Student: 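Before we start, here is the structure in question, set down as structure tokens.
Keep in mind that what you see is a predicted model, and the values were worked out from it rather than measured. FYI, side chains are in, hydrogens and waters are out, and symmetry mates aren't considered; it's all heavy atoms of this structure.
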Amino acid sequence: MGVSNWTKFLFAGAHGRLENRSNSFTAIRIGFAFLVLYGHAIMLPQGLPIEGQWAVIVDTAVQFALDGFFILSGYMIAASLINRRDMLNFTASRVLRIFPGLIAAAVILWLVVGPLFTSLSWAEYFTHSASLSFLAKIIFQINPQADLPGVFAGHPLTDMNGPLWTIRYELLAYLAAGVLAVMGIFRSRWGLLALFVAIALISDLEMVWPYDGMGAGTAFAAARFGGAFLTGAVFYAWRDRIPLSAGWAVSLVVGAILLADTPSSMIVGQIAMAYVTLWLGFMAIPGKTGHAIRNVEDVSYGVYILHWPIGQMALALYPGITPHALLLVMAPSALLAGWLLRVLVEKPALNAKADIVAALRGRRDQAAKPA
């Protein structure tokens, strides 16, 4: 193959552009969820800080997976807001995507896992202030990593559900996108590009002069996940100008590696991550395998919000369990739990969306009528 043919193969958009609808995003999200699970299978027995070369490598991959969730979320939210004007439908979709599963997980932790694993009597457990406030802390994201009295107290990490800390940033991203869409900014490709430039500058400033005052962790996470979310949104808004090819994927990854020690490392890494994720997501996988991957049941949310307590329970039942043995327990258990949450909670809630929106719209219209 000559140089010109190699160039065409690598850079000509070998499997289309971002406006193609057939994709493997659900499977990729599931992959991200299991990568996070693997990182936590190492973290739960070890605690923090992460130690060991392989553990650090896995944790680095986990951080990219977390960014990947927000990149895909930004891409899909931009698609929803640019193509549809119904904000009531958008709000209902977002609420039903997050809260039914979150509420179910919180109730299971409080009502089932807590009583079974607490060192307190049930009377002490249920009357303890930490127990009484637990549901509110989780559901309203006041303290998503809250613990329960006497539960997993001897573990390196006592959180009932460590991964839930990212949910508040997902909700903030939805809220900001909705407000900016009403203003017209999030529905404009130039508006989204301007937002992206602004968040890129904030990301660079955070790397150069990190804020270390009150809420420093929140500020950093907002800059980080805001950048990832807007990167995905910009990729959707400019999808007709972005070819998908192996050459560009490799080039962006190499560029991110070369800039890893610069102030632009975070945002450049997210751009590379977004491109590679979308390139893989739109890759045409033929036959039954491709069909199965594209139509897999979306258990990613359930796996993400349930794997941590499963790991904590396994650690309580088998003290001294090794990380990879813990992984072998957590992975199939989280897959089953995620599937049950999807079938019994998430899908029924999403299927009720049309009726909920119709009822809310009817009430709104009734309230708008003159007396």
Side-chain angles (χ1 to χ4, degrees), residues 30 32-52 55 58-59 62-63 65-66 69 101-122 124-126 128-139 141-168 299-342 345:
I30 294 171
F32 287 158
F34 275 99
L35 184 54
V36 173
L37 181 152
Y38 182 24
H40 290 159
I42 296 173
M43 183 188 295
L44 283 170
Q46 181 186 109
L48 294 171
I50 296 295
E51 296 179 350
V58 173
D59 185 64
V62 166
Q63 301 312 311
L66 292 178
F69 278 124
L102 182 63
I103 292 169
V107 170
I108 290 169
L109 291 176
W110 174 66
L111 200 57
V112 180
V113 177
L116 289 177
F117 287 88
T118 184
S119 59
L120 306 180
S121 69
W122 283 13
E124 292 174 318
Y125 170 82
F126 280 111
H128 196 285
S129 60
S131 181
L132 294 173
S133 61
F134 180 77
L135 291 179
K137 288 178 180 178
I138 298 297
I139 294 169
Q141 293 290 285
I142 299 166
N143 180 8
Q145 293 177 299
D147 53 19
L148 281 167
V151 182
F152 309 136
H155 290 190
L157 299 170
T158 60
D159 307 344
M160 289 300 298
N161 208 330
L164 295 188
W165 71 277
T166 62
I167 301 297
R168 65 169 57 166
V299 298
S300 59
Y301 186 53
V303 170
Y304 184 78
I305 66 173
L306 294 175
H307 74 270
W308 180 283
I310 289 171
Q312 289 282 51
M313 287 188 286
L315 195 59
L317 294 171
Y318 304 102
I321 189 172
T322 65
H324 285 94
L326 185 58
L327 173 66
L328 293 177
V329 174
M330 289 172 66
S333 301
L335 179 61
L336 175 60
W339 180 80
L340 288 172
L341 188 74
R342 177 68 177 174
V345 178

Student: Side chains of Phe134 and Leu111: does their closest heavy-atom pair fall under 4.5 Å?
Tutor: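 No. Closest side-chain heavy atoms not under 4.5 Å.
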
Student: Within this structure, what is the CG-CZ distance for the pair Leu35 and Phe69, rounded to the nearest 0.5 Å?
Tutor: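 If we round to the nearest 0.5 Å, Leu35:CG and Phe69:CZ are 8.5 Å apart.
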
Student: Could you check whether the rings of His307 and His40 sit parallel, tilted or perpendicular, using 30° and 60° as the cut-offs?
Tutor: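 Geometry flag for His40 against His307: parallel rings.
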
Student: Using every non-hydrogen atom in the two residues, find where Gly101 and Val345 come nearest and quote the distance to one decimal.
Tutor: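 Nearest pair, atom of Gly101 first, then Val345: N-CG1, 4.0 Å.
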
Student: Might you work through the side chain to side chain contact (heavy atoms under 4.5 Å, CB included) test for Val329 and Tyr318, ending with a clear yes or no?
Tutor: CA-CA 11 Å; Val329 174; Tyr318 304 102; 5.6 Å; no

Student: Work out which heavy atom in Ala130 is nearest to a heavy atom in Ser133; give both atom names and the distance.
Tutor: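 Minimum heavy-atom contact is O-OG, 3.5 Å.
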
Student: Can you find a heavy atom in the side chain of Met313 that is under 4.5 Å from one in the side chain of Phe152?
Tutor: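 Sidechains of Phe152 and Met313: in contact.
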
Student: Please tell me if the side chains of Tyr38 and Val62 come closer than 4.5 Å, counting only heavy atoms from C-beta onward.
Tutor: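 Sidechains of Val62 and Tyr38: no contact.
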
Student: Just wondering, do Pro45 and Leu315 contact through their side chains at under 4.5 Å, heavy atoms?
Tutor: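 They are in side-chain contact.
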
Student: Do you know the tightest heavy-atom contact between Leu327 and Pro332?
Tutor: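 Result for this residue pair: O-CD, 4.3 Å.
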
Student: Which pair of heavy atoms, one from Gly114 and one from Leu148, lies closest together, and at what distance?
Tutor: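 Smallest interatomic distance, heavy atoms only, reads CA-CD1, 4.2 Å.
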
Student: Who passes side-chain contact (heavy atoms from CB on, under 4.5 Å) against Thr158, sequence neighbours left out?
Tutor: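 Per chain and number, Thr158 pairs via side-chain contact (heavy atoms from CB on, under 4.5 Å) with Asp147.
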
Student: Is there a donor-acceptor pair closer than 3.5 Å between any side-chain N or O of Gln312 and the backbone N or O of Leu157?
Tutor: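 At least one qualifying donor-acceptor pair exists.
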
Student: With under 30° as parallel and over 60° as perpendicular, where do the rings of Phe126 and Trp122 fit, or are they tilted in between?
Tutor: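 Correct class here is perpendicular.
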
Student: Between CD1 of Ile42 and CG of Asp59, what distance do you get to the nearest 0.5 Å?
Tutor: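 Going from CD1 on Ile42 over to CG on Asp59, the span is 8.5 Å.
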
Student: Examine distances only and state if a side-chain atom of Gln145 and a backbone atom of Trp165 form a donor-acceptor pair shorter than 3.5 Å.
Tutor: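 No, because the side chain of Gln145 does not come within donor-acceptor range (under 3.5 Å) of the backbone of Trp165.
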
Student: Sequence neighbours excluded, which residues qualify as salt bridge (Lys or Arg N to Asp or Glu O under 4.0 Å) partners of Arg342?
Tutor: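 Once residues adjacent in sequence are excluded, the partners of Arg342 under the salt bridge (Lys or Arg N to Asp or Glu O under 4.0 Å) criterion are Glu297, Glu346.
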
Student: Thr118 versus Glu124: any side-chain heavy-atom pair under 4.5 Å?
Tutor: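 In short, these two side chains do not touch, never coming nearer than 4.5 Å.
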
Student: Quick one: side-chain contact (heavy atoms from CB on, under 4.5 Å) partners of Ile103, sequence neighbours excluded?
Tutor: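 Ile103 satisfies side-chain contact (heavy atoms from CB on, under 4.5 Å) with Phe99, Val107, Ile139 once adjacent residues are dropped.
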
Student: Under 3.5 Å, side chain of Ser131 to main-chain N/O of Tyr125, donor-acceptor pair present?
Tutor: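 Present.
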
Student: What I'd like to find out is whether the side chain of Ile138 reaches to under 4.5 Å of the side chain of Trp110, using heavy atoms alone.
Tutor: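 No, every pair of side-chain atoms sits at 4.5 Å or beyond.
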
Student: Can you tell if the side chain of Leu66 reaches within under 4.5 Å of the side chain of Gln63, non-hydrogen atoms only?
Tutor: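 Yes, side chains in contact.
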
Student: Could you check if a side-chain atom of Ile30 sits within less than 4.5 angstrom of a side-chain atom of Val303, using non-hydrogen atoms only?
Tutor: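 A side-chain contact under 4.5 Å is absent here.
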
Student: Using modelled atom types and a 3.5 Å cut-off, is there a donor and acceptor pairing between side-chain atoms of Asn161 and backbone atoms of Trp308?
Tutor: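 No: the side chain of Asn161 does not pair with the backbone of Trp308.
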
Student: So which heavy atom on Ala104 is nearest to which on Leu341, and how close?
Tutor: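 Closest approach of Ala104 to Leu341, heavy atoms only: CB-CD1, 3.9 Å.
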
Student: Would Ile310 and Leu37 satisfy side chain to side chain contact (heavy atoms under 4.5 Å, CB included), going step by step from the backbone distance to the final call?
Tutor: CA-CA 10 Å; Ile310 289 171; Leu37 181 152; over 6 Å; no

Student: Ignoring hydrogens, what is the shortest heavy-atom contact between Pro309 and Leu109? Give both atom names and the distance.
Tutor: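 Closest pair (atom of Pro309, atom of Leu109, distance): CB-CD2, 3.4 Å.
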
